[in-house]
Amino acid sequence: MESSYNPNSFEQKIYHKWEEEGDFKTSSASEKTFLITMPPPNVTGVLHMGHALFVSIQDTYTRWKRMLGYNTLWLPGTDHAGIATQVMVERQLEAEGTSRTKIGRDAFLKKVWEWKEEYGGTITEQIRALGSSCDWSRELFTLDPKSSKAVRESFTRLYKDGLIYRGERIVNWSSGLQTAISDLEVELKPTEGKLYYLKYYLEDKSDYLQVATTRPETIFADVAVAVHPQDPKWKKFHNKEVFVPLANRKVPVILDEYVDKEFGTGALKITPGHDQNDWLIGKKHHLKTLSCIGKDGKLNELAGEFAGMVAWHSRKKIAESLREKEILIKEEKHQHELGYCQRTGVVVEPLISMQWFLKMESLAKPAVEAASGENPAIRFYPDYWKKTWFEWLNNIQDWCISRQLWWGHQIPAWHCKKCEAITVPEPGQSDNPTKCGSCSSDEIAQDTDVLDTWYSSALWPISTLGWPDNSSDLKIYYPVQKYNEPRNTDEAKALMETGSDILFFWVARMVMMCTHFMGGKIPFEDVFLHAMVRDEKGQKMSKTKGNVVDPLDVTEQHGADSLRLTLLALSGQGRNVNLDLKRLEGYKAFINKIWNATKFCLIQINESEKLEVNASDYIDSWLLDGLKNLSHQMNSDLKNYRPDAAFNAYYQFTWYEFCDWYLELFKIKKGSTKTLQFALDTLIRLLHPMAPMVTEEIYQSLPWTKDEKIIHKEYPIESKIPVQNSEHTEVYAIKGCVEGIRNFRTENKVNPKIKISAYLQTENLKLWNSISPYVLELAKIESIHINTQAPKGAVGRVNFGQFTFTIPLEGLVDKDAEKQRLTSEIKKIEKDLAFSTGRLNNEKFVSKAKPELVEQEKKIVTDLSLKLSSLISALESLGE
RNA sequence: GGGCAGUUAGCUCAGUUGGCAGAGCGCCACCCUUACAAGGUGGAUGUCGCAGGUUCGACCCCUGCACUGCCCACCA
């Protein structure tokens, strides 16, 4: 082995070996299966810390289950990411002086595919660099035939069931992208705007209604003014008509309780074409809908002299014109929530357009039920996400699934040019229609829209397994748990692990769609939602802030395993993972520690030894018990989706028990290396799911493992480690005595090289004889006098349990230092003693606290009193 | 406006049935003791956001508040 941990020298080699030798593939040897479907990253994306986090967690679970003997499948894939990818290619075209509209749909799509071929492999290569043990032979792309087939089949079925419909609705229009986007893709941000107060005159100009609006440019599409029926201010306008300024159109004054009497003027202009709420009100009052802003974001002919201006910019001009005409009464500053396109950052225009929708209400019900009840079919980790889940699903809106993009799954619907009927193929039919289903005309053309990227993502758990075909994968790996039945087992057959930010975008939609198509069987039983990776100050990583940490940089510098351990350790139950590179260095140091411990063990262990468990003394027993507890703890933490806790337990045990104590004691005791060997083997296996590469590298260099790979070895479970059934009194006594004397030495500034002599008072000679070699060596005592009178004068005192050490100070230290040490020690004990006696003097404590606690407290008082008197006498013997 | 989380050592975070607060990094002192200086030994450091309440006992449970972050929402 190399002298220290150097990940660059083996990570790639190890990974390639695994992949080439098919170690990530599934094995039908076991009936028990475990499936994680990887959240498909954007095919043209580059790796960021969010990916690194999900890889760390998902790979840990995949490897853990694989080592536990499950037929384990981690299924990878990539997403076509409609908007993101299309925008990238469009930018490239722009740089080349052309555009998608100039080259046309077919040529454009060809370009995108070329782009995908060129950059599509990057992200999967990067995911490999992190050690991911996913089965690459099954990698799927959302536009691959397998996925496309599932998309088409689901669409045709949902259409036939009447769940998909087409309609003219008000939708969020991104003028930047020239497409509709879903509610989830709109980001609301508080924005400083103005509230304009305008006059809407009666026909005879005798009076006017004051209307407050933030968007004066939409007045050309006003179809009414609404006031509250009980608002006395506007009573005289009931059943009247008023003139819309500039447009000079008469519109009715309508009464609706939706209007807030207190806000603005209490009169609301109704513009169904450009406002979600107005649209609802318009529908309620059977008003017509006008649009004065086009899909290009510009005002149209309705706006008269302002036609052709970008709506957003026209506001000032219009306000000016209104002021000149003395229509504008006043304007006030006003803060409100404004919708922005998540992708492009441009302001979203609510516009009327023809779109495809998926009815959600009936689909959402099973998803709600799946998480309801005492023993729900789906469990969330952390559990609090369940509340958010219900909140959203119970208020769900229909999903606008059509996008006016070219890159994606083109909607499988054909429009007839003659009769305008829509023809959607029958479910199961793979041929495209050639005739109108209604009038049989052959002048039909496929809908030009594509489906929202999340539509294919929603089918991902079943499309990757081969649905709609009745595939064997589906039978083997898809859960049998139904949404409306109590959870049948604690173990999840399938785990969904992803970021909490896409709970609605993705997780909820998968549950709805897959459950619908799989006869009520849910796609996964456990949902583990990880936090968002931030920088060490908790701020979002962004290029503009310059705080982005590139996982590949980190991997190159410190190794993928170091990064994985760091991300796992920081992935607690909160909503953020604040990545602190200082901590990363700490975990790298930990790996190095293991590396060196292995080197030490290998020097000790006879190469021909066979692996078996066999404790040769109380030190071995103590270690084996520790290992047993550790493996219990880790398996249980992993089961509870607390990989951070599992790793933390591992860190503590391996460093502070195994390295600091066992290895040091081993150097003194020598003898059989069986336990040393077993412990090393076990510890390396325990860590493998979390730090796969270094553990595989180490495992390969253990002589007794031959050429076996750790990836397929058993994960240590509690029951495989024999019960020791011991209180480990000896080891605790060793630790206590050694720590006490070490403390004495340091506080008295005794050079570590100097060996001291000591006088021991004890009534438990048996125990002392059993531990003395270790205490003497580790505390550096060269001569010990047992139960003989210590010399008078300057002495130091150390006390542990039944052992009192008196240490002559001549030639060692100055008396003052020891006095100080004893004094502060005494103070501490007095404080503790006061606390405990105070408790015991409290009658209520004695009568109400658990009896064993009271007993414990009494024992503490006895022990402390003894210790105290011993220390006081030592202090007195120092004189003055 | 509603909801969800967080607030613990200088910094990043643990603390799961309530029983004298922990880790990493940083800090101080001493050690290159041959597995490891990416190390060893010992040490310092906290009104556990604020205010009440329940309890013999509260970082932990309850109530209210403050601050931070996120999500949802139709006050123009």
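The structure presented is a predicted model; accordingly, all values stated were derived computationally and were not measured. Quick note on labels: first sequence line is chain A, next is B, and so on, each numbered from 1.
Of all nucleotides listed (B:G42, B:C74, B:C70), B:G42 comes nearest to the side chain of A:R742. Side-chain proximity of A:F504 to B:A38, B:A35, B:C71: nearest is B:C71. Of all nucleotides listed (B:G42, B:A76, B:A14), B:A76 comes nearest to the side chain of A:H334. Closest contact between the side chain of A:R642 and the listed nucleotides B:U16, B:C20, B:A5 involves B:U16. Between B:A35, B:C11, B:A5, one nucleotide has an atom nearer to the side chain of A:F600 than all others, and that is B:A35. Candidate nucleotides B:G19, B:A35, B:A38 were compared by shortest atom distance to the side chain of A:S4, and B:A38 ranks first. Looking at the side chain of A:F845, the nearest of the listed nucleotides B:C56, B:C20, B:U16 is B:C56. If you check B:G24, B:C74, B:C4 against the side chain of A:Y258, the one that comes closest is B:C74.
Listed for the A:R509 side chain is a donor-acceptor partner under 3.5 Å among the backbone atoms of A:F505.
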Taking only N/O atoms, report every protein-nucleotides 59-67 of chain B pair under 3.5 Å with atom names and distance.
none

N/O to N/O distances under 3.5 Å, protein versus nucleotides 25-32 of chain B:
| unit_1 | atom_1 | unit_2 | atom_2 | d |
| --- | --- | --- | --- | --- |
| B:C32 | OP1 | A:K753 | NZ | 3.0 |

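Residue-level contact check: A:T265 touches neither bases nor backbone, having no heavy atom under 4.0 Å from any strand. Within 4.0 Å (heavy atoms only), A:N842 reaches sugar-phosphate atoms of the nucleic acid but no base atom. Counting any heavy atom pair closer than 4.0 Å across all strands shown, A:R215 reaches no nucleic acid atom. Contacts of A:E337 with the nucleic acid, taken as non-hydrogen atoms under 4.0 Å apart, include base atoms. Residue-level contact check: A:Y656 touches the backbone only, with heavy atoms under 4.0 Å from sugar-phosphate atoms and none from bases. A:E747 comes within 4.0 angstrom of the backbone, heavy atoms only, and of no base. Among the atoms of the strands shown, none is found under 4.0 Å from any heavy atom of A:I281.
Nucleotides B:C67 and B:A51 place their C1' atoms 15 Å apart, quoted to the nearest Å. B:C25 and B:G39 have their P atoms separated by 7 Å, given to the nearest Å. Spacing between B:A73 and B:G18 at atom C1', rounded to whole Å, works out to 39 Å. For the P atoms, the distance from B:G24 to B:G64 is 39 Å, rounded to whole Å. Using atom P as the reference point in both B:A66 and B:C11, the two lie 25 Å apart (nearest Å). B:C75 and B:A58 are spaced 44 Å apart, taking the C1' atom of each and rounding to whole Å. On the C1' atoms, B:U55 is 35 Å away from B:G10, given to the nearest whole Å.
Listed by chain and number, the residues in a salt bridge (charged side-chain N to carboxylate O under 4.0 Å, His left out) with A:E825 amount to none (sequence neighbours excluded). Under the ring-ring contact (aromatic ring centres under 6.0 Å, His included) criterion, A:F600 pairs with no residue at all, not counting sequence neighbours.
Salt-bridge check for A:E585 with A:K588: failed, with every basic side-chain N at 4.0 Å or more from each acidic carboxylate O. For A:K827 and A:E830, the salt-bridge test fails: no basic side-chain N is under 4.0 Å from an acidic carboxylate O. By the 4.0 Å N-to-carboxylate-O rule, A:E332 lies close enough to A:K330 to be salt-bridged with it. Ion pair A:K867/A:D863 not flagged as a salt bridge, since none of the NZ, NE, NH1 or NH2 atoms sits closer than 4.0 Å to an Asp/Glu carboxylate oxygen. Salt bridge A:D490/A:R379: present, at least one basic N to carboxylate O contact under 4.0 Å.
Per the geometry, CG belonging to A:L581 stands 18 Å off P belonging to B:G24, to the nearest Å. Whole-Å rounding puts the A:E391 CD to B:C71 C1' distance at 10 Å. When the C1' atom of B:A44 is taken as reference, atom CD of A:E825 falls 16 Å away, rounded to whole Å. Atom CG in A:D501 sits about 10 Å away from atom P in B:C72, given to the nearest Å. The NZ atom of A:K850 sits 14 Å away from the C1' atom of B:U55 (whole-angstrom rounding).
Contact annotation: A:K593 reaches the phosphate of B:G40 (side-chain N/O to OP1 or OP2, under 4.0 Å). A sub-4.0 Å separation between OP1 or OP2 of B:A73 and a side-chain N or O of A:N395 is absent.
One donor-acceptor pair, N or O on each side, does fall under 3.5 Å between the base of B:A35 and the side chain of A:K667.
Within residues 658-665 of chain A, the residues having any heavy atom closer than 4.0 Å to RNA chain B are, in order of number, A:C659, A:D660, A:L663, A:E664.
Comparing A:H336 and A:K848 by the nucleotide of RNA chain B whose heavy atom lies nearest to each, the residue mapping closer to the 5' end is A:K848. If you find the closest nucleotide of RNA chain B to A:F505 and to A:N6, the one lying nearer the 5' end belongs to A:N6.
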- request: Carefully, step by step, assess A:Q633 and A:D637 under the rule side-chain hydrogen bond (donor to acceptor under 3.5 Å, both in side chains).
  value: CA-CA 6 Å; A:Q633 188 66 45; A:D637 286 338; 3.2 Å; yes
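To the nearest 0.5 Å, atoms NZ (A:K194) and NZ (A:K333) are separated by 8.0 Å.
Classified by interplanar angle (parallel below 30°, tilted 30° to 60°, perpendicular above 60°), the ring pair A:F647/A:Y651 is perpendicular. Ring orientation note: the planes of A:F10 and A:Y5 are tilted relative to one another, at an angle of 30° to 60°. The aromatic rings of A:Y381 and A:Y641 sit tilted, their planes meeting at an angle between 30° and 60°.
Applying the 5.5 angstrom centroid cut-off and the 30 degree plane-angle cut-off, the aromatic ring of A:W595 is not stacked upon the base of B:C36.
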message: Once pairs are restricted to Watson-Crick or G-U wobble with both distances under 3.5 Å, how does RNA chain B read as a dot-bracket string, [ ] for crossings and | for other-strand pairs?
response: ((((((((.[[[[.)...(..]]]].(((((.......))))).....[[[[[..)....]]]]])))))))....
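Aromatic pair A:Y200/A:F237: ring centres not closer than 6.0 Å. Checked against the 6.0 Å centroid criterion, the rings of A:W385 and A:F380 do not qualify as a close aromatic pair.
The shortest side-chain heavy-atom distance between A:V861 and A:R839 does not fall under the 4.5 Å cut-off.
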